S.K.: 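Please see the structure below; I have some questions.
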Amino acid sequence: MRNEGGPASRRDFEADIESGSLDVGSPEKVARKIAKTVNTLDLSLFDLKYSLASMPHEMLLNTIGVYGTEVIPRVRELLDRG
């Protein structure tokens, strides 16, 4: 992955989205990635940091709302299917 001594490149960022710890994308994509992580690591708890940088308050509220109304219900569906 990334060279720990330097800043992340665009390529590093995209690699972290695809197979690393960043959950970025549509609610469906994020839900699938979270469910896969929970299953792979046999987790009982998943903690999310919803912002890496300063975002306008309205954007943060929208992000939290989408996470609660679309992502989490979809994660539960995917985990119930097992």
Side-chain angles (χ1 to χ4, degrees):
M1 285 278 215
R2 173 177 7 160
N3 174 0
E4 294 301 322
S9 68
R10 176 72 183 200
R11 184 174 166 194
D12 294 330
F13 178 74
E14 289 173 0
D16 277 347
I17 291 171
E18 189 58 39
S19 59
S21 61
L22 293 179
D23 297 326
V24 176
S26 69
E28 179 67 23
K29 182 176 182 177
V30 171
R32 287 185 182 280
K33 190 161 180 202
I34 291 171
K36 181 179 177 184
T37 300
V38 169
N39 281 328
T40 299
L41 300 176
D42 194 28
L43 301 176
S44 61
L45 176 68
F46 183 87
D47 193 13
L48 174 75
K49 180 175 178 173
Y50 55 85
S51 173
L52 290 174
S54 179
M55 288 173 44
H57 185 69
E58 291 297 318
M59 208 177 230
L60 288 173
L61 291 178
N62 183 57
T63 299
I64 294 166
V66 170
Y67 183 73
T69 61
E70 296 181 48
V71 175
I72 292 304
R74 183 66 178 130
V75 169
R76 288 183 177 140
E77 280 179 27
L78 292 166
L79 293 175
D80 285 346
R81 290 188 200 163

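We use all heavy atoms of the structure for the numbers below, so side chains are in, but hydrogens, waters and symmetry mates are not. On a predicted model such as this, the values are computed, not experimentally measured, just so you know.
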S.K.: Between Lys33 and Leu22, is there a donor-acceptor pair closer than 3.5 Å when you use the side chain of the first and the backbone of the second?
M.R.: yes
S.K.: If hydrophobic clusters are built by linking Ile, Leu, Val, Met, Phe, Trp and Tyr wherever their side-chain heavy atoms come under 4.5 Å apart, do Leu48 and Ile72 end up in the same one?
M.R.: yes
S.K.: Show every donor-acceptor pair shorter than 3.5 Å between a side-chain atom in residues 62-71 and any protein atom, with sequence neighbours excluded, or say none if there are none.
M.R.:
from, atom 1, to, atom 2, distance (Å)
Thr63, OG1, Met59, O, 2.9
Thr69, OG1, Gly65, O, 2.8

S.K.: Tell me if the CD atom of Glu18 is crowded by more than 12 foreign heavy atoms within 6.0 Å.
M.R.: no
S.K.: Give me the atom names and distance for the closest heavy-atom approach of Ala31 to Arg74.
M.R.: CB-CG, 3.5 Å
S.K.: List the residues meeting side chain to side chain donor-acceptor pair (under 3.5 Å) with Arg11, not counting sequence neighbours, and say none if there are none.
M.R.: none
S.K.: So, taking the atom named CZ in Arg81 and the one named CG in Leu79, what distance separates them when rounded to the nearest 0.5 Å?
M.R.: 10.5 Å
S.K.: For Ile17 versus Lys29, what's the shortest heavy-atom pair and its separation?
M.R.: CG2-NZ, 4.0 Å
S.K.: Could you measure the distance from the OG1 atom of Thr37 to the CG atom of Leu43? Nearest 0.5 Å is fine.
M.R.: 7.5 Å
